2 protein chains.
Amino acid sequence: MPARPRRLTLRDIARLAGVSETAASFALNGKPGVSDETRRRILAVADEHGWVPHHAAKVLTGGKSGTVGLVIARSARDVGSESFFLRFMTGLQSVLSERRQALLLQVVDSVEAEIETYRTWQVAGRVDAVVLVDLRVDDPRPDALADLGLPALIAGGPDPRRRLPAVAIDDREPMRRIVTHLHDTGHDSIAYVCGAGEMLHIARRVDAFHTGARELGMSGHMVMSTDFSSSSAAKATRLLLSSDDRPTALVYDNEILAVAGVGEIRRLGLATPADVCVVVWEDTPIASAMEPPLTALSRDAFAFGSDVATRLIAILDGTDEATGDTMESVPELIERTSSRCERTPPTEPTEPAS
Amino acid sequence: MPARPRRLTLRDIARLAGVSETAASFALNGKPGVSDETRRRILAVADEHGWVPHHAAKVLTGGKSGTVGLVIARSARDVGSESFFLRFMTGLQSVLSERRQALLLQVVDSVEAEIETYRTWQVAGRVDAVVLVDLRVDDPRPDALADLGLPALIAGGPDPRRRLPAVAIDDREPMRRIVTHLHDTGHDSIAYVCGAGEMLHIARRVDAFHTGARELGMSGHMVMSTDFSSSSAAKATRLLLSSDDRPTALVYDNEILAVAGVGEIRRLGLATPADVCVVVWEDTPIASAMEPPLTALSRDAFAFGSDVATRLIAILDGTDEATGDTMESVPELIERTSSRCERTPPTEPTEPAS
DNA sequence: CTGTTAGCGCATTCAC
DNA sequence: GTGAATGCGCTAACAG
């Protein structure tokens with residue numbers, strides 16, 4: 001086997017095309033200063049030899065790394081829906097790779113380590129911008145990033161202090177719709193089995209849950225927080241359903257909690273939807289495949305990812321029109337059997353006959 | 001707000017410490033040639049100012065990018081367990097980040113695009129090595145990678161042509177255990193609802209399934225292939241169970257298929273495990289939370305990821321002892337209610353009394 | 001042990 | 001239009 005040939009440099013291409021390095025550089029970067037004929041020849045040579053500029057060299061001169069960073073806190077394994085996250089990343093990438101932006105991934109243990117990662121990336125010139133996910137209540141990361149001056153975009157915020165732009169997700173409206181749906185189908189006492197309360201989006205959902213139920217005049221609206229584990233979901237379900245005035249509908253934050261909940265309901269000798277209706281905040285294949293199929297909130301994680309990437313690129317290009325936060329479209333509530341019960345709808349005040 | 005200060009260079013650190021660039025470089029890279037006292041002072045200065053070497057410059061001189069690449073085929077969304085993949089990546093990262101290796105991620109549409117990505121990465125000097133996942137039958141990627149000369153490690157192979165090293169997963173032994181378990185609990189006709197047959201690991205499982213059942217003298221062993229969708233799993237289940245001599249146990253390739261299968265079984269008026277036993281090839285929270293809880297194969301995806309990373313680093317360091325493939329430990333079969341049926345075990349030839 | 005020198009691959013001033 | 005010269009930030013040959 002012949003020794004692997006040395007990596008081709010711009011100089012090689014220039015020589016092969018019989019021109020100067022400058023000419024080659026101009027041609028390959030689409031800049032003026034070369035005749036069309038020469039440009040074509042240079043491009044042909046480069047293409048023929050499969051030349052690609054050396055990344056480090058380009059970064060060293062140009063300054064931009066062509067890379068977007070994403071840090072995942074280790075505990076993200078337990079956070080919310082994994083499938084949502086993977087679909088989100090796919091959406092992100094679909095846009096980033098179109099724009100020849102790479103994605104640098106890092107898994108860390110703590111927010112402190114995450115911030116340190118940002119600093120290192122920033123100083124080392126490894127990334128041009130980062131995407132911030134899983135905002136927490138009193139999250140130090142937006143401020144830290146803003147102070148660093150590292151371009152950043154929050155996926156999901158918004159940032160309470162508005163120091164960082166965000167592609168925000170509205171958690172209140174979907175929750176309002178869920179609560180309204182339950183109210184309209186005759187429920188008067190409902191409960192919400194949620195994930196970790198320190199997550200900002202969970203906190204918003206909890207608030208919207210209570211507010212919505214109150215506004216509709218429901219007599220019961222309880223919230224039980226879990227650590228996203230099956231066991232804690234089962235326990236929460238048991239607790240909720242063993243009370244005297246047990247709720248007639250349960251809302252779960254993801255499919256793992258929902259599956260655990262439905263199993264526990266069955267174990268308690270109750271039926272879904274007859275005794276207890278169930279709604280899950282995430283439409284995965286699991287939700288529709290369950291028996292009974294679960295009423296679920298259908299969010300487009302892929303679109304969310306591409307929206308984030310699109311805006312991030314706009315920020316990098318300096319063409320970001322939006323000043324503050326952009327909002328994702330409100331997800332759809334897919335009604336399935338798990339919330340189709342036979343309850344009497346609440347008596348609506350009928351309009352007096354004219 | 002003061003203008004953001006220019007990024008600190010090694011030269012700055014050297015000046016601040018009152019030494020030459022060379023001295024600073026040696027000190028900061030732990031190389032001999034500097035007195036301990038000087039070294040300490042330089043490190044102190046660098047640390048105080050939070051200096052981090054510019055990545056591109058380091059790459060340009062050193063040659064190594066300190067980056068490992070991972071390409072995911074877009075269809076990986078439908079491939080197997082997403083949670084397995086995310087846990088795998090976390091395991092990968094846990095080792096990589098310890099060794100200050102970054103992970104570069106790319107999502108593509110096709111194997112061709114994937115190979116092109118490798119080539120570009122290679123030529124641009126973006127990665128030192130790549131991890132190859134989801135090997136297919138007649139996969140062109142190992143050969144392409146070997147030809148490129150880009151260090152690569154297969155996660156899950158092994159490579160049929162042995163051109164690339166692999167941290168292999170044994171699919172045969174687990175399948176043998178599942179089949180044996182079913183045989184031992186009295187089943188004589190079983191079926192396997194698997195994923196896409198062009199995946200190498202699926203092909204191996206199918207083969208082991210047939211072989212195992214044959215060796216145990218079972219009268220029925222059917223395989224139905226799906227596209228990993230709930231609907232195809234439900235359809236396969238319906239087909240399998242509507243035959244005259246329907247199987248008494250079903251093996252599903254992941255939790256999505258299993259959930260769909262269990263639902264379909266119920267819809268057909270059959271019960272699990274009384275009428276049909278169920279085993280799933282992946283132990284997720286879903287499996288244990290289901291009603292009934294599902295007998296499942298428990299694989300440690302995190303450990304798999306860290307094993308892959310560890311070996312990859314050994315390869316990069318040139319200290320890779322293993323010549324060919326290393327094998328992951330065989331996963332455990334967690335027996336739960338879904339496979340606890342009341343069948344008569346096959347009559348074992350009893351040892352003649354002495 | 002220290003300072004000088006050159007060069008990694010490319011972009012971008014300048015004169016020609 | 002083209003070619004020579006300089007520098008990005010760092011490492012690694014050299015002599016001193």
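Worth saying up front: this structure is predicted, and the values here are computed from it rather than measured. Excluded from the calculations below are hydrogen atoms, water molecules and symmetry mates; all remaining heavy atoms, backbone and side chain alike, are included. Residue numbering restarts at 1 for every chain, and letters A, B, ... go by the order of the sequence lines.
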Quiz item: Which whole-number value in Å describes the distance from His49(B) NE2 to dG9(D) C1'?
Solution: 18 Å
Exercise. Figure out the CG/C1' separation between Leu8(B) and dC10(D), and round it to whole Å.
Key: 14 Å
Quiz item: For Thr22(A), which contact category applies under a 4.0 Å heavy-atom criterion: base, sugar-phosphate, or nothing?
Solution: base
Quiz prompt | Salt bridge flag under 4.0 Å for residues Asp317(A) and Arg99(A) | solution = yes
Quiz item: What nucleotide, of dC8(C), dG3(D), dA11(C), holds the atom closest to the side chain of Val19(A)?
Solution: dG3(D)
Practice problem: Classify the side-chain pair Ser35(A)/Thr38(A) by whether it contains a donor and acceptor separated by less than 3.5 Å. | Solution: yes
Quiz item: Between Thr9(A) and dG9(C), does any side-chain N or O lie under 4.0 Å from OP1 or OP2?
Solution: no
Quiz item: Base, sugar-phosphate, or nothing: which does Leu10(A) touch, judged by heavy atoms less than 4.0 Å apart?
Solution: sugar-phosphate
Self-check item: First encountered from the 5' end of DNA chain D, between Leu60(A) and Phe26(A)
Solution: Phe26(A)
Quiz prompt | Separation of the P atoms in dC1(C) and dC10(D), to the nearest angstrom | solution = 24 Å
Quiz item: Between Phe85(A) and Phe88(A), how do the two ring planes meet: parallel, tilted or perpendicular, split at 30° and 60°?
Solution: tilted
Exercise. Look at Thr38(A) and dT2(D) and indicate whether a side-chain polar atom (N or O) is within less than 4.0 Å of OP1 or OP2.
Key: yes
Practice problem: Return no unless some side-chain N or O of Trp51(A) is found under 4.0 Å from OP1 or OP2 of dC10(C). | Solution: yes
Quiz item: For Val59(B), which contact category applies under a 4.0 Å heavy-atom criterion: base, sugar-phosphate, or nothing?
Solution: nothing
Exercise. Could you tell me whether Val34(A) contacts a base, only the sugar-phosphate backbone, or nothing, with contacts defined as non-hydrogen atoms closer than 4.0 Å?
Key: sugar-phosphate
Quiz prompt | Asp307(B) versus Thr310(B), side-chain donor and acceptor atoms under 3.5 Å | solution = no
Quiz item: When all nucleic acid strands are considered with a 4.0 Å heavy-atom cut-off, which category describes Ser20(B): base, sugar-phosphate, or nothing?
Solution: base
Quiz item: Roughly how far apart are Leu8(A) CG and Ile13(A) CD1, rounded to 0.5 Å?
Solution: 4.5 Å
Quiz item: Can you check whether Lys31(B) has a side-chain N or O nearer than 4.0 Å to OP1 or OP2 of dT11(D)?
Solution: no
Quiz item: So does Lys58(A) get a side-chain nitrogen or oxygen closer than 4.0 Å to the phosphate oxygens (OP1/OP2) of dA11(C)?
Solution: yes
Self-check item: Nucleotide nearest Glu21(B) when distance is taken to its side chain, options dG1(D), dG9(C), dT11(D)
Solution: dT11(D)
